[in-house]
Each structure stands twice: as C-alpha cells, then as structure tokens.
Asker: 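Structure provided below as structure tokens; questions to follow.
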Amino acid sequence: MYGLCDCNNFFVSCERVFRPDLEGRPVVVLSNNDGCVVARSNEAKAIGIGMGQPYFQAKGLLERHGGTVFSSNFTLYGDLSRRVMTTLRSLVKEIEIYSIDEAFFNLEGHEEPLEELGHRIRNTIRRHTGIPVSIGIAPTKTLAKIAAKLAKQYPKLSGCCYMHREEDIRKVLSKFPLRDVWGIGRRYGKLFDQMQILTAQQFVELDKRWVQGRMGITGVRTWQELQGIPSLPLDDLSASRQQITVSRSFPHEIYDCGELERIVAEFATMCGEKLRRQGSVCRTIHCFLMTNRHRADQPQHTEEAHYRFSTPIDSTLALVKEGRELLRAIFREGFGYKKAGIILGGFEPRSTQQQSLFEPPSDPRHERLMEVLDRVNRHYGHGALKTAAEGEHPFQMNREHVSQRYTTEWGELLTVKAK
DNA sequence: TCTGGGGTCCTAGGACCC
DNA sequence: TCTGGGGTCCTAGGACCC
C-alpha cells in the first residue's frame, strides 16, 4: 500500500498559519511579479477565481468578496514544507518528497490499521505545523492520488481516504474523470474527450497494445496503476537534480543589452550557488531570451544558445562569463525582452570530476574563492558579495503583497500585541 | 498597464562502436 | 546484382507534473 500526503491549498495555508483571521475567507497567492493566481483558498475557488488566472482579471472579483491577496513568499513556504516533511518522516518508514507540498510514503510493515494511521498523520502534521493535509491510501501511487483527491472533496471522510477493496476502486474509477488522473495531461485529455472516453474506468478497459502504441510506456504504467498493479516505485529523489534553472519574467520589457547582461549574470550566480550546494559540477550552460508573447502587436524573438565546458565546472566566475557571452550572441537590437533564464545541465559529482586531457585544468584558485564567496553570503545574506558583472542594483520583481519571513528571519518574527 | 517558475521521464534519430 | 547484427551514448523535442 502507498500513501500520499497532500497539503491543502498549500501556499494559502502557509499564510493562514500566521494570519488565522483569514480562515473562512477568500485568499489567493500570486506568482512572481504578482502575475497569476497560483494558490486559492476554498472560498476563492467558490467565487470563481481560476488557477493560473492573471491577477488583473481576478482582482475585482476578489475585492468584491472582501478577499486577501499575497505575493509569493517562497522562503516561508519552503521552510514550512520542510517542517511538514520532517513530521511525516517521523511517522512512516520511507517517504518520497514529490513536490513542495506532496509526499508519497510506503505502508509496508505498519501494524496500525491504515485508516487510523492516516488520521494520525493528518492530525500530527496539523498540530506540529498548522498545515491541513489530505491523505490518500491505496495499492498504487496513482490510486493514492485519486484517494487523496476524494479525501479533499468529501468532508465526511475527515481528510483521509483508504481505498483498497477491488469493487470499491472500480466504483470510484467509473465516476472519476479521466482527465483528472495523474499522468493524463491536456494533450491526452483532449484526445480522450474526442474518443468519448471520459472516466478512468473506460480508460482501464482499453486494450493494452493500443495504450502502448499511442502513449508509450508511461501510458501503460498509468493504465496498470489504475488496475492496482504497482508500476511506479517509491523513488529516492534525495539524489541530486538533473538540471538547475533560474529564470524570471521582468516587470517591463527590456531593450538594453547591458541591462540584460547584468540580470543574466545574477541568474548565473544563483545557478552556481545551487550547483555547489548539491556538490556537483556542470558541463553545459544554456541561456534563453524571449519577448512578450502576449503582445501580438510587437515584434517577437525567442532564442536559446548553449555552451559546453571542456572541463566540468562549478565556478560562478566561469558561469557568469559564458552566460553573458551566450546572451550577447542571441540578443537582437530593437526587441523588447520580457523573460530570460539560465539553465545548467550535464552534472557530475564534484568529488570525481573528470579533467580534460588537452585543455588546461580549470583555475584552481576558483575553488578557494567560491568557498569564501559561499561562506560570506551564507553569513551576511544572499548578494552580500557578488561579481561586478551583476551591477549594483539586484533584479527586482513586483511583490506588492508579500508577507513576513516569519520562520527564517529574526527581524520578521510574528509580533503578538496585547489588547 | 497587467499574463509564473522549476522540474521529470520517454522517444526517435544520428553518430559511433565491434 | 548483391551490402549484417547488435549495441551505446547523446540530443532535441514532446509529453507530463506541481
């Protein structure tokens, strides 16, 4: 049996931990630059605010219902996520952290009745962190996702759904919309709508060879998982990432190459910090640039370029240098750029770094320099020490409604006032 | 006026190997 | 005239996820 622990409306719940006055009222959290709605309280969903809706479209509706809006505060959400995962890890044997607000766990060898255990997990996480979660328990991960959805949907389940009898599962699947199944995205959803295959049960009744031919091995796995055949093992994702990205949309279009260079240098620096934190060196760096795709009246240009280091590196100086060169290669005069990013890939562990036979080894002085750079910035805060290429003023996003970093900054602790 | 960011895995095809 | 069989590795692009 697999369990899924899914935080309810996670970003909104994080804000409500420190603002209990917002219980029962519409609350939304916005993406970077206060662009789109990325989390909604149940009340905000009920008044018709959509997921991913641009804020300027939702603003009026929210205000009419006396709702509250927050800019995203990932420092806070990341810290509360860590607390939720720590609590969960103390209650079950093995967990796979799937995203900032979800984790799977394995239930083999637990003696406590599983439904009871589910409720105990839910109550403990609520008590220790203030975050409400939904628990789904079922024979496979895909079914556990469905169970967690039901737990969220039906109040009489009190936040935990244990789904294991075959006839119960079939009954659920024959009502469950196929497009809401984990692994069925927009593209396949459309295809199945056209075929009039609307429920998960109808999908399960398709021929395996058809599924294989049309959707590949990933489709077959979903098909099997829905039948209770485990096909997605619990992954140990503690291994390091395959790719590191830092990208942002800008508040305004940027026409100046020098300004973009400073921003890209900052993104490359942030990538370098992440890279060294996971103890890797990288072989490739990509830089991309795009204009505002929502402005059909303006000329469009999107381009990407990449560079391969002859010796894998983790030095911010090398990343900044190549990042800026790539940018200069793809930048075109006269276009208003709205978004840029740096992506690192081709990772190897730093400890077993392969040297090139013909190229000179990377500058050994960088290693010491990066150690000092990271130590200074850990102690005095991000950006205390930086490359000249980044310029004086760090890249700023719109964050008009940001809350305090209650749990990670001494200066921003919650203040309690006596009445 | 305003429209997010960061990931994963799979597949097909090309280069290359013996 | 005729031209094998069995692999690996890499990359780009497409699907998906939260």
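These figures come from a predicted structure and were not determined experimentally. Side-chain atoms are counted along with the backbone in the values below, which use heavy atoms only and exclude waters and symmetry mates.
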Asker: Side chain of Cys36(A) only, please: which of dG4(B), dG6(B), dA15(C) is the nearest?
Answerer: dG4(B)
Asker: Measure NE2/His286(A) against P/dA12(C) and give the value in whole Å, please.
Answerer: 7 Å
Asker: What nucleotide among dT8(B), dG6(B), dC18(C) has an atom nearest to a side-chain atom of Gln243(A)?
Answerer: dT8(B)
Asker: Counting heavy atoms from C-beta on, name the nucleotide in dC17(C), dT3(B), dT8(B) closest to the side chain of Lys338(A).
Answerer: dT3(B)
Asker: Does a side-chain N or O of Thr245(A) approach OP1 or OP2 of dG7(B) to a distance below 4.0 Å, or not?
Answerer: yes
Asker: Quick one, Thr291(A) with Gln300(A), criterion side chain to side chain donor-acceptor pair (under 3.5 Å). Give me CA distance, side-chain angles, the key distance, then yes/no.
Answerer: CA-CA 6 Å; Thr291(A) 48; Gln300(A) 298 287 317; 3.0 Å; yes
Asker: Can a donor-acceptor pair be found between the side chains of Gln201(A) and Ser174(A) at a distance below 3.5 Å?
Answerer: no
Asker: A cation-pi test, strictly: NZ or CZ of Lys141(A) under 6.0 Å from the centre of the six-membered ring of Phe104(A) and no more than 45 degrees from its axis. Yes or no?
Answerer: yes
Asker: Phosphate oxygens OP1/OP2 of dG5(B): is one of them under 4.0 Å from a side-chain N or O of Ser249(A)?
Answerer: yes
Asker: For the pair made of CD in Glu102(A) and C1' in dT8(B), what is the distance, rounded to whole Å?
Answerer: 14 Å
Asker: Could you check whether Tyr337(A) and His301(A), counting side-chain N and O atoms only, form a donor-acceptor pair closer than 3.5 Å?
Answerer: yes
Asker: Taking CD1 from Ile342(A) and C1' from dG6(B), how many angstroms apart are they, rounded to a whole number?
Answerer: 15 Å
Asker: Check every strand shown and say whether Val37(A) touches a base, only sugar-phosphate, or nothing at a heavy-atom separation below 4.0 Å.
Answerer: nothing
Asker: Before accepting this row, confirm whether a basic side-chain N of the pair Asp180(A)/Lys149(A) lies closer than 4.0 Å to the acidic partner's carboxylate O.
Answerer: no
Asker: For the C1' atoms, the ones on dG4(B) and on dC17(C), what distance do you get once it is rounded to whole angstrom?
Answerer: 15 Å
Asker: To the nearest Å, give me how far apart CG (Asp101(A)) and P (dG6(B)) are.
Answerer: 17 Å
Asker: Give the nucleotide from the list dG4(B), dG5(B), dG7(B) with an atom nearest to the side chain of Lys274(A).
Answerer: dG7(B)
Asker: Does anything in residues 205-227 of chain A reach DNA chain B, meaning a heavy atom under 4.0 Å, and if so which residues?
Answerer: Gly216(A), Ile217(A), Thr218(A), Arg221(A)
Asker: To the nearest angstrom, how far is Arg308(A) atom CZ from dC10(C) atom C1'?
Answerer: 8 Å
Asker: Please determine, for the side chain of Arg241(A), which listed nucleotide (dT3(B), dC18(C), dT8(B)) has the closest atom?
Answerer: dT8(B)
Asker: What nucleotide, of dA15(C), dT11(C), dC18(C), holds the atom closest to the side chain of Tyr188(A)?
Answerer: dA15(C)
Asker: State whether Arg83(A) and Asp79(A) are salt-bridged, where the test is any N-O pair (Lys NZ or Arg NE/NH1/NH2 against Asp/Glu carboxylate O) under 4.0 Å.
Answerer: yes
Asker: Let me check I have this right: for DNA chain C, each base becomes ., (, ), [, ] or |, based on Watson-Crick or G-U pairs with both distances under 3.5 Å. What is the full string?
Answerer: ....||||||||||||||
Asker: Side chain of Asn292(A) only, heavy atoms from C-beta on: which candidate in dC17(C), dG4(B), dT3(B) is closest?
Answerer: dT3(B)
Asker: Taking atom types as modelled, find out whether Asn377(A) and Lys386(A) have a side-chain donor-acceptor pair closer than 3.5 angstrom.
Answerer: no
Asker: Within residues 55-80 of chain A, which residues have any heavy atom lying less than 4.0 Å from an atom of DNA chain C?
Answerer: none
Asker: Closer than 4.0 Å, any side-chain N/O of Arg186(A) to the OP1 or OP2 of dC17(C)?
Answerer: no
Asker: Does Asp34(A) reach a base, just sugar-phosphate, or nothing at all? Heavy atoms under 4.0 Å.
Answerer: nothing
Asker: Quick check for you: among dG6(B), dC17(C), dT3(B), whose closest atom lies nearest to any side-chain atom of Tyr98(A)?
Answerer: dC17(C)
Asker: Roughly how many Å is it from CG in Leu4(A) to P in dC17(C), rounded to a whole number?
Answerer: 14 Å
Asker: Rounded off to whole Å, could you give me the CD1-to-C1' distance for the Ile343(A) and dG6(B) pair?
Answerer: 10 Å
Asker: Between Phe250(A) and Ser247(A), name the one whose nearest nucleotide on DNA chain B is closer to the 5' end.
Answerer: Phe250(A)
Asker: What nucleic acid atoms does Ile184(A) come within less than 4.0 Å of, heavy atoms only: base, sugar-phosphate, or nothing?
Answerer: sugar-phosphate
Asker: Regarding Glu15(A) and Ser403(A), is there a side-chain donor-to-acceptor distance under 3.5 Å anywhere?
Answerer: yes
Asker: Quick one: label Ile100(A) by what it contacts on the DNA or RNA (base, sugar-phosphate, nothing), any heavy atom closer than 4.0 Å.
Answerer: nothing
Asker: Quick one: does Pro20(A)'s side chain get under 4.5 Å of Arg16(A)'s, heavy atoms only?
Answerer: no
Asker: Side-chain contact test, heavy atoms from C-beta onward, threshold under 4.5 Å: evaluate it for Val38(A) versus Leu30(A) and give yes or no.
Answerer: no
Asker: How is His306(A) classified with respect to the nucleic acid when contacts are heavy atoms under 4.0 Å: base, sugar-phosphate, or nothing?
Answerer: sugar-phosphate
Asker: Does Asp34(A) come within less than 4.0 Å of Arg399(A), counting only side-chain N to carboxylate O?
Answerer: no
Asker: Heavy-atom count around Glu23(A) CD within 6.0 Å, excluding the residue itself: above 12?
Answerer: yes
Asker: Give a yes-or-no answer on whether the side chains of His65(A) and Glu63(A) include a donor-acceptor pair shorter than 3.5 Å.
Answerer: no
Asker: Would you kindly give the CD1-to-P distance between Ile97(A) and dC18(C), to the nearest whole Å?
Answerer: 16 Å
Asker: Ignoring hydrogens and geometry beyond distance, is a side-chain donor-acceptor pair present between Glu253(A) and Asn292(A) at under 3.5 Å?
Answerer: yes
